[in-house]
K.L.:
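If you scroll down you'll find the structure; I have some questions about it.
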Amino acid sequence: MPGTLFTDLSFCSMLPDHGPYGLVRHGAIAADGGRIAWVGPEDELPTDYVGWRRAPQGGRLVTPGLIDCHTHVVFGGNRAREFEMRLEGASYEEIARVGGGIVSTVTATRAASEDTLLADALRRADALIAEGVTTLEVKSGYGLDMDTELRMLRVAHRIAEARPVTVKTTFLGAHAVPAEYGGRADAYLDEVCIPALRAAHAEGLVDAVDGFCEGIAFSPAQIARVFDAAAELGLPVKLHAEQLSDLGGAKLAAEHGAISADHLEYLGPDGIAAMAASGTVAVLLPGAFYTLRETQLPPVQALRDAGVPIALATDCNPGSSPLTSILLTMNMGATLFRLTPEEALAGVTRNAARALGLTDRGVIAPGMRADLAVWDVALPAELTYRIGFNPLHARIFGGEA
Ligand code: DI6
Ligand code: FE
């Protein structure tokens with residue numbers, strides 16, 4: 001049976017060197033077997049596709065399905081009380097040091113059943129899906145023990161069974177030192193984190209390995225040990241780096257061939273040069289910048305000048321970024337970080353795919369997955385411009401509406 005021919009549309013291919021947004025007016029997209037078979041101006045459609053089932057899109061704008069490449073959507077409880085404490089004057093780091101912060105979410109996550117974690121995560125995933133997200137990265141890191149880290153990753157996989165979305169799982173055992181290992185970070189890595197990584201990998205639950213390199217979390221030397229364990233398993237690495245201070249995390253990650261380094265407000269010239277040399281994607285997380293009322297901006301112009309690809313993600317998590325809107329993330333990327341609307345869209349499509357090591361999505365081109373978002377907008381900049389408005393008309397996942 002032939003596939004589907006999407007017609008009467010404009011599309012942003014997001015291919016580099018194809019003009020702004022790779023925009024094509026009066027286009028058509030042929031999808032077959034979940035992949036894009038042909039794409040181009042409708043009046044250049046080869047005769048082979050003429051008999052295919054047509055799905056006219058009413059002149060709407062089509063983009064690649066959006067990709068949220070950095071989330072922590074699986075967790076127990078919430079941190080509304082901590083939000084209040086910050087409004088009363090406490091800093092994020094002070095709260096973490098008195099047993100709040102990440103560690104308090106660990107307590108709630110350990111106490112939650114797999115089904116409860118899934119039900120809560122689906123509400124967040126659904127909000128993202130409703131805005132055209134077709135690929136979602138999900139991290140562990142609120143278990144910090146063998147059972148709960150594995151449970152979080154199983155829940156992440158169940159999101160993809162329950163919804164039409166691809167989930168990529170990232171092991172983040174090196175997110176925080178749990179209370180029972182207070183002051184013994186290295187012992188935690190040896191006795192829990194690295195064994196849990198090996199067990200999760202053996203169960204097929206890990207696509208990449210992440211860590212939090214920060215004064216309140218793990219040192220570069222400790223992160224390097226986690227990266228070595230990842231390398232032994234043949235897994236790609238990424239890192240939460242330079243979020244609150246400059247410990248040289250991005251440089252370390254780049255030297256380990258990291259697919260991304262994330263946050264990066266305090267990134268310096270050495271880190272940028274190392275990322276450029278290794279092709280590491282800079283994942284900027286404006287929701288955390290906003291929530292923590294950070295004032296140090298990530299070095300966007302220096303990243304551009306060095307040719308480092310820039311992605312944007314929600315960082316959806318209960319503490320520093322309780323954000324479940326990829327469109328608001330794009331708007332914040334523009335308004336707070338001065339990304340252009342085209343960079344914002346590339347940040348949640350082409351470059352987000354690259355931050356996950358995915359070469360089969362993020363642009364509209366033959367051979368790519370037929371993951372598309374159809375929007376009720378005339379201009380691509382409208383996707384970034386509005387605040388709290390969702391112009392999604394339809395979402396196509398693997399060629400299916
Ligand atoms: N940096 C972040 O912004 C999140 N994790 C991380 O390493 C925050 C996680 C939390 O506060 O629960
Ligand atoms: Fe994060």
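Numbering of ligands and ligand atoms starts at 1, following listing order.
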K.L.:
For Ala199, check side chain to side chain contact (heavy atoms under 4.5 Å, CB included) against everything at least two apart and list the hits.
P.N.:
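Ala199: side chain to side chain contact (heavy atoms under 4.5 Å, CB included) contacts with Met146, Leu150.
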K.L.:
Kindly assign one of parallel, tilted or perpendicular to the pair His240 and His175, based on the angle between their ring planes and the thresholds 30° and 60°.
P.N.:
tilted
K.L.:
Can you pull out the closest protein heavy atom to atom 2 (C) of ligand 1? Residue, atom name and distance to 0.1 Å, please.
P.N.:
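The answer is Ser320 OG, 3.3 Å.
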K.L.:
Salt-bridged, Glu42 to Arg54, with N to O below 4.0 Å?
P.N.:
yes
K.L.:
Under 2.8 Å from the Fe ion (ligand 2), which protein atoms of type N, O or S occur, listed by chain and number?
P.N.:
His70 NE2, His72 NE2, His240 NE2, Asp315 OD1
K.L.:
Quick one: list whatever passes side-chain hydrogen bond (donor to acceptor under 3.5 Å, both in side chains) with Ser140, sequence neighbours left out.
P.N.:
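side-chain hydrogen bond (donor to acceptor under 3.5 Å, both in side chains) list for Ser140, sorted by chain: Glu149.
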K.L.:
Any atom of ligand 1 sitting under 4.0 Å from a heavy atom of Asn317?
P.N.:
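It does; at least one heavy atom falls under 4.0 Å.
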K.L.:
I need the atoms of ligand 1 closer than 4.0 Å to a non-hydrogen atom of Gly319, numbered in the order shown.
P.N.:
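Selected atoms, number and element: 11 (O), 12 (O).
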K.L.:
Looking at ligand 1, is there an atom of it that comes within less than 4.0 Å of some heavy atom belonging to Glu214?
P.N.:
no
K.L.:
Which bit of Phe75 is near ligand 1, meaning a heavy atom under 4.0 Å away: side chain, backbone, both or neither?
P.N.:
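Phe75 to ligand 1: no contact under 4.0 Å from either part.
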K.L.:
Can a donor-acceptor pair be found, under 3.5 Å and without considering hydrogens, that links the side chain of Thr291 to the backbone of Gly287?
P.N.:
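A pair under 3.5 Å: yes.
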K.L.:
Could you see which bit of Gln243 sits under 4.0 Å from ligand 1, with heavy atoms only: side chain, backbone, both or neither?
P.N.:
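The side chain, only.
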K.L.:
Per the salt bridge (Lys or Arg N to Asp or Glu O under 4.0 Å) rule, what does the pair list look like for residues 347-363, sequence neighbours excluded?
P.N.:
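Sorted result for residues 347-363: Arg35-Asp360.
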K.L.:
Where's the contact between Asp315 and ligand 1, heavy-atom distance under 4.0 Å: side chain, backbone, both or neither?
P.N.:
side chain
K.L.:
When the aromatic ring centroids of Tyr21 and Phe11 are compared, is their separation below 6.0 Å?
P.N.:
no
K.L.:
Output the list of atoms in ligand 1 that are nearer than 4.0 Å to some heavy atom of Ile102, sorted by atom number.
P.N.:
9 (C), 10 (C), 11 (O), 12 (O)
K.L.:
Take the angle between the ring planes of His70 and His72 and call it parallel below 30°, perpendicular above 60°, tilted in between.
P.N.:
tilted
K.L.:
Can you report which non-hydrogen protein atom sits closest to atom 11 (O) of ligand 1, along with the distance?
P.N.:
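Here the nearest protein heavy atom works out to Tyr92 OH, 2.5 Å.
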K.L.:
Contact between Trp375 and Asn390 at the side-chain level, heavy atoms closer than 4.5 Å - yes or no?
P.N.:
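Answer yes - side chains close enough.
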K.L.:
Does the Lys NZ or Arg CZ of Arg163 fall within the cation-pi geometry relative to Phe397 - under 6.0 Å from the ring centre and within 45° of the axis?
P.N.:
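Not satisfied by the 6.0 Å and 45° rule.
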K.L.:
Using a 3.5 Å distance criterion without hydrogens, assess whether the side chain of Gln301 forms a donor-acceptor pair with backbone atoms of Pro299.
P.N.:
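Not confirmed, Gln301 side chain does not pair with Pro299 backbone.
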K.L.:
May I ask you to identify the nearest protein heavy atom to atom 9 (C) of ligand 1, giving residue, atom name and distance to one decimal place in Å?
P.N.:
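Answer, as residue, atom name and distance: Tyr142 OH, 3.1 Å.
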K.L.:
Around atom 5 (N) of ligand 1, find the nearest protein heavy atom and jot down its residue, atom name and distance.
P.N.:
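I find the closest protein heavy atom is His175 NE2, 2.8 Å.
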